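As the structure is a computational prediction, the values presented were derived from the model and not from experiment.
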Amino acid sequence: TAVVLLSCVCVKAQDRMVAVLQHGDSTHVFYNSNAFVNALAAAESGDVITLSQGAFVSATITKAVKIIGASAGGSVVSKFPSGITVNLKSGESGLYMEGVRMTSLTINGDTINDAVFKRCYCEGNWNINAQSNNCTILQCRIDKTFNPDKLSNNLLVKNSMLTHKASDCIGSNTIGANLILENCNIYNMHNIRSAIVKNCVIYNSCSTSNDILWYNTAYYINNSGSYRPSGDAIQSHMYPLNSEEMANNCGNAITDHLTDAGKEKLIGTDGTYIGAYGGATPYTTLPAIPRVTSVTVPSESYGNGKLPVTI
């Protein structure tokens, strides 16, 4: 803790970007825009890379490391302007990424196993080109198309925002794929063929296959008619909400969510209201781990030689 705190003090004093690599009991600090590239090169699978705020140069992630950014939203952001590419080596599992903002995410390779993406913000497409096994996307925002792998095995997208208006929010997959969408705000979903959709809110049109299972999912009715998805199999599992129950006529899936009337109308399978702001892990951009936002170190110490540091 002391070492990470020291690095945070250095960032504020010198106005430099920092990546702190934790390997066992040893810690290494890398500076400036290439800090992440150098930290990743020195890392081994299972190591932790903690990032300060700033725009970092990216490198292809081939090791199952733990990457923790300052935040993906607000004024304090750890960002990768050129996007992130993941291509894990054979046998690697357990990649973890939190509090990172990126222009795009592409996951290549044969498989990606037991990966977790938490409180990340992807401004562009999120493409999974590898076979995913037991992966989780939690409290994330994807502004363009989320393309899951064709035949995912237990891919969970939970309390997340899929907001693409110009095209499909979710790309197509294969019948039999195990994709789970739970407590998500989804602007539209046209091409997905196989999924479990639970406690979600759909803001626009949705034409889906009968291989989708629906549980307590709401769709919006506007003045010109309904955006109700098609298919006989879903009729008993979809619930209409009007403009009084969805805030601001659902113009934006991020800022517009259920009103109090909407929350009262439909409770999810877990006893909380539906959508990304419901459930046990409501959507938020705040980092899950504590972070230093300000540090004051006086030039003079107390009589006993100790510095009165304020954090």
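Arg119 places a side-chain N or O within 3.5 Å of a backbone atom of Leu286 that can act as its donor or acceptor partner. Of the possible donor and acceptor atoms, one in the side chain of Asn185 sits under 3.5 Å from a partner among the backbone N and O of Ala276. Side chain of Gln139 to backbone of Pro282: a donor-acceptor contact under 3.5 angstrom is found. When atom types are taken as modelled, the side chain of Thr145 and the backbone of Asn125 share no donor-acceptor pair closer than 3.5 angstrom. Looking at Thr163, its side chain never comes within 3.5 Å of a backbone N or O of Met161 through a donor-acceptor pair. Using a distance-only test at 3.5 Å, with no hydrogens or angles considered, no donor-acceptor pair links the side chain of Asn173 to the main chain of Ile192. Judged purely by atom type and a 3.5 angstrom limit, Asn188 uses its side chain to pair as donor or acceptor with the backbone of Cys169.
Between the side chains of Thr136 and Lys118, not a single donor N or O lies within less than 3.5 Å of an accepting N or O.
Listed by chain and residue number, nothing satisfies the side chain to side chain donor-acceptor pair (under 3.5 Å) test with Asn32 (two or more places apart in sequence, or in another chain). Under the rule for a side chain to side chain donor-acceptor pair (under 3.5 Å), the partners of Thr281 that lie at least two apart in sequence or sit in another chain are Asn159. Residues satisfying the side chain to side chain donor-acceptor pair (under 3.5 Å) test with Thr272, not counting sequence neighbours, are Asp270. Listed by chain and number, the residues in a side chain to side chain donor-acceptor pair (under 3.5 Å) with Ser132 are Asp149 (sequence neighbours excluded).
Contacts classified as ring pair (Phe, Tyr, Trp, His ring centres under 6.0 Å) and involving residues 48-71 (residues at least two apart or in different chains) are not found. Residue pairs meeting the ring pair (Phe, Tyr, Trp, His ring centres under 6.0 Å) criterion with at least one partner in residues 82-121, sequence neighbours excluded, are Phe117-Trp126. Listed by first and then second residue, the side-chain hydrogen bond (donor to acceptor under 3.5 Å, both in side chains) pairs that reach into residues 72-89 are Lys79-Glu123, sequence neighbours excluded. For residues 35-49, the pairs satisfying side-chain hydrogen bond (donor to acceptor under 3.5 Å, both in side chains) are His23-Asp47, Ser45-Glu92, with sequence neighbours left out. Residue pairs meeting the salt bridge (Lys or Arg N to Asp or Glu O under 4.0 Å) criterion with at least one member in residues 32-41, sequence neighbours excluded, do not occur. Among pairs with a residue in residues 60-79, none fulfils ring pair (Phe, Tyr, Trp, His ring centres under 6.0 Å), at least two apart in sequence or across chains.
Residue-environment remark: NZ (Lys144) stays at or below the threshold of 12 foreign heavy atoms within 6.0 Å.
Across all non-hydrogen atoms, the minimal contact from Ser160 to Ile137 is OG-O, 3.6 Å. Across every non-hydrogen atom of Asp114 and Cys135, the tightest pair is N-SG, 4.0 Å. Smallest separation of non-hydrogen atoms from Gly279 and Asn183: N-ND2, 3.7 Å. Nearest heavy-atom pair, Met97 versus Cys120, reported as atom, atom and distance to 0.1 Å: O-SG, 3.6 Å. Minimum interatomic distance between Ser52 and Ala70 (heavy atoms only, all atoms of both residues): C-CB, 4.1 Å. Minimum heavy-atom separation, Ala19 to Ile49: CB-CG2, 4.2 Å.
Grouped with Val37 in one hydrophobic cluster are Val57, the linkage being side-chain heavy-atom contacts under 4.5 Å among Ile, Leu, Val, Met, Phe, Trp and Tyr residues. Taking Ile, Leu, Val, Met, Phe, Trp and Tyr as members and joining any whose side-chain heavy atoms lie under 4.5 Å apart, directly or through other members, Leu151 forms no hydrophobic cluster with any other residue.
Atom-to-atom distance recorded for Thr285:OG1 and Arg101:CZ is 9.5 Å, nearest 0.5 angstrom. Remark: Cys184 SG to Leu156 CG distance equals 8.0 Å, nearest 0.5 Å. Interatomic distance, CD1 of Ile112 versus CG of Asn133, reported as 9.5 Å (0.5 Å rounding). Within the model, atoms CD1 of Ile202 and CD1 of Ile186 stand 5.5 Å from one another, a figure rounded to the nearest 0.5 Å. Note that SG of Cys122 is 5.0 Å distant from CE of Met102, once rounded to the nearest 0.5 Å. Going from atom OG1 of Thr60 over to atom CG of Asn108 covers 8.5 Å, rounded to the nearest 0.5 Å.
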With side chain to side chain donor-acceptor pair (under 3.5 Å) as the criterion, how do Thr111 and Gln131 come out once you've worked through the C-alpha distance, each side chain's angles and the decisive distance to 0.1 Å? CA-CA 4 Å; Thr111 61; Gln131 168 76 50; over 6 Å; no
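Ring centroids of Phe80 and Phe36 are separated by less than 6.0 Å, placing the two rings close together.
Ile142 and Val77 end up in different hydrophobic clusters when Ile, Leu, Val, Met, Phe, Trp and Tyr side chains are linked at under 4.5 Å. Put simply, Leu138 and Leu105 are part of two different groups of oily side chains (I, L, V, M, F, W, Y) that touch within less than 4.5 Å, one to the next.
Between Leu213 and Val197 there is no side-chain heavy-atom pair separated by less than 4.5 Å. Proximity of Val29 to Val18: side-chain heavy atoms (C-beta onward) are separated by under 4.5 Å at one or more points.
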